[in-house]
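We use all heavy atoms of the structure for the numbers below, so side chains are in, but hydrogens, waters and symmetry mates are not.
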Amino acid sequence: MDIYFLVNGTRDLYISVNGGTGTQKKLSGSSWGTPVKTSVTVQLNGGNNTIKFYNDAANSPDLDRIVITESTVTAGWTEIPWDTNSYYVQNRTGAPMSERFWIVNGVYR
């Protein structure tokens, strides 16, 4: 997600997706007349989503526009459907799998 904002100085913006915990972004700019862009990776559901931009403790930057684009799989990674019978993940460290990998929308990360 690309966020275009205006601010003269530095202000905090919090972003919450689908009611989740807000993530803090410290945004800086040098003009109230020239938008600045920052990018944030968000995990969206298929269908409707809610994205909340806020700062409950202070003024946040002025938002100019939000652009959502579809991302691609990170270079070097292969996206596969989640199916416990289709593959194995090698664990060379001995750490529990729950500490090394997680599943997001059916994708093992």
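- At a threshold of 4.5 Å between non-hydrogen side-chain atoms, the residues Leu13 and Phe5 do not count as touching.
- In terms of heavy-atom proximity, Pro35 sits nearest to Leu6 at N-CD2, 3.7 Å.
- Atoms OG and CG, on Ser31 and Asn8 in that order, are 7.0 Å from each other to the nearest 0.5 Å.
- In terms of heavy atoms, Ser60 sits closest to Arg11 at O-NH1, 3.3 Å.
- Inter-residue side-chain proximity for Tyr4 and Val67 is flagged as met; some heavy-atom pair is nearer than 4.5 Å.
- Interatomic distance, Asn49 CG to Ile68 CD1, rounded to the nearest 0.5 Å: 8.5 Å.
- Counting only heavy atoms from C-beta outward, the side chains of Ile51 and Met1 approach each other to under 4.5 Å.
- Taking every heavy atom of both residues into account, Trp32 and Asp62 meet most closely at CZ3-OD2, 3.6 Å.
- Here Ile3 contributes atom CD1 and Ile15 contributes atom CD1; the two are 3.5 Å apart, rounded to the nearest 0.5 Å.
- In this structure, the separation between NZ on Lys37 and CG on Asp64 is 13.0 Å, given to the nearest 0.5 Å.
- Each salt bridge (charged side-chain N to carboxylate O under 4.0 Å, His left out) pair with one or both residues in residues 22-32, not counting sequence neighbours, appears once here: Asp12-Lys26.
- Distance check, rounded to the nearest 0.5 Å: CG of Leu27 to OG1 of Thr38 gives 5.5 Å.
- Here the side chains of Thr23 and Tyr14 are not in contact, with every heavy-atom distance at 4.5 Å or above.
- Shortest non-hydrogen contact noted between Tyr54 and Gly22 is OH-CA, 3.4 Å.
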